[in-house]
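Everything on this sheet refers to the single structure shown next.
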Amino acid sequence: QGRLVESGGGLVQAGGSLRLSCTGSGRTFSTAAIGWFRQAPEKQREFLAAISWTGSSTRYADSAKGRFTISRDNAKNTVYLQMNSLKPEDTAVYYCNAVLNLQSSAVLGSWGQGTRVTVSS
């Protein structure tokens, strides 16, 4: 699996929105299910959402349902995470990774540096 690079994080006020991007450099990116994860300070990394390689199927963790939307553009080798109605508890470093399949959060690649999201109250 090629390298994935996260971007789009930043500082936003509570109630605001951000769109994160996960761009792949490997030729297998467009055939891999991709997941978004996050790790808040002093907490374990948690699964948020995943999307199939075609983009036709998605799965969300309860913490992401209703506020976060995952999508992909294989022509751009990019998977997005649209985050709305952000809360201070969404503050974390966000990561993407290839996952074994849509039903599993088992990752296939190494972790990148992630992109930091800070939500102020």
Side-chain angles (χ1 to χ4, degrees):
Q1 181 61 42
R3 180 168 171 256
L4 302 181
V5 178
E6 305 91 346
S7 63
L11 174 64
V12 63
Q13 288 188 332
S17 299
L18 281 174
R19 189 177 77 160
L20 307 183
S21 297
C22 168
T23 302
S25 59
R27 61 186 179 185
T28 60
F29 178 88
S30 61
T31 61
I34 301 294
W36 278 100
F37 302 77
R38 70 183 178 188
Q39 186 167 20
E42 301 183 359
K43 292 189 177 181
Q44 289 190 338
R45 189 158 13 218
E46 65 168 325
F47 167 81
L48 292 174
I51 188 166
S52 63
W53 70 272
T54 62
S56 60
S57 298
T58 58
R59 182 171 74 94
Y60 295 91
D62 288 344
S63 57
K65 285 179 183 176
R67 296 189 301 125
F68 295 179
T69 302
I70 190 170
S71 61
R72 70 189 298 162
D73 183 343
N74 285 341
K76 296 182 179 179
N77 270 7
T78 301
V79 171
Y80 303 99
L81 186 69
Q82 177 68 42
M83 306 188 297
N84 299 327
S85 302
L86 284 164
K87 306 173 183 179
E89 50 263 45
D90 293 317
T91 294
V93 179
Y94 286 69
Y95 302 87
C96 62
N97 208 324
V99 293
L100 182 62
N101 53 54
L102 197 61
Q103 289 71 39
S104 171
S105 57
V107 300
L108 300 178
S110 56
W111 295 105
Q113 293 191 335
T115 186
R116 184 175 300 276
V117 173
T118 303
V119 184
S120 63
S121 57

*Is Ile51 reachable from Val107 through a run of I, L, V, M, F, W or Y residues, each pair having side-chain heavy atoms under 4.5 Å apart?*
no
*Give a yes or no answer on whether the side chain of Ser56 reaches the backbone of Thr54 with a donor-acceptor pair at less than 3.5 Å.*
no
*Does some side-chain heavy atom of Ser63 sit less than 4.5 Å from a side-chain heavy atom of Leu48?*
yes
*Roughly how far, to the nearest 0.5 Å, is the CD atom of Glu46 from the CD atom of Gln39?*
10.0 Å
*Starting at CG of Asn101, measure out to OG of Ser57 and round the result to the nearest 0.5 Å.*
11.5 Å
*Examine Val117 and Ile70 and state if one hydrophobic cluster contains both, with Ile, Leu, Val, Met, Phe, Trp and Tyr joined whenever side-chain heavy atoms are less than 4.5 Å apart.*
yes
_Within the 4.5 Å heavy-atom criterion, are Leu102 and Trp53 side-chain neighbours or not?_
no
*Are any of the side-chain heavy atoms of Val79 and Cys96 separated by less than 4.5 Å?*
no
*Are Asn77 and Thr23 close enough that a side-chain donor and a side-chain acceptor fall under 3.5 Å?*
no
*Flag the pair Asp90 and Lys87 as a salt bridge only when some basic side-chain nitrogen lies within less than 4.0 angstrom of an acidic carboxylate oxygen.*
no
_Applying salt bridge (charged side-chain N to carboxylate O under 4.0 Å, His left out), can you list everything that pairs with Arg116, at least two apart in sequence or on another chain?_
none
_So, taking the atom named CZ in Arg72 and the one named OG1 in Thr58, what distance separates them when rounded to the nearest 0.5 Å?_
12.0 Å
*How long is the gap from CZ on Arg19 to OG1 on Thr69, to the nearest 0.5 Å?*
11.5 Å
_ring-ring contact (aromatic ring centres under 6.0 Å, His included) contacts in which one or both residues fall within residues 77-97, not counting sequence neighbours_ = Tyr95-Trp111
*Do the non-hydrogen side-chain atoms of Met83 and Leu20 ever get within less than 4.5 Å of each other?*
yes
*asked:* Treating Asn97 as the side-chain partner and Gly109 as the backbone partner, does any N or O pair qualify as donor plus acceptor under 3.5 Å?
replied: yes
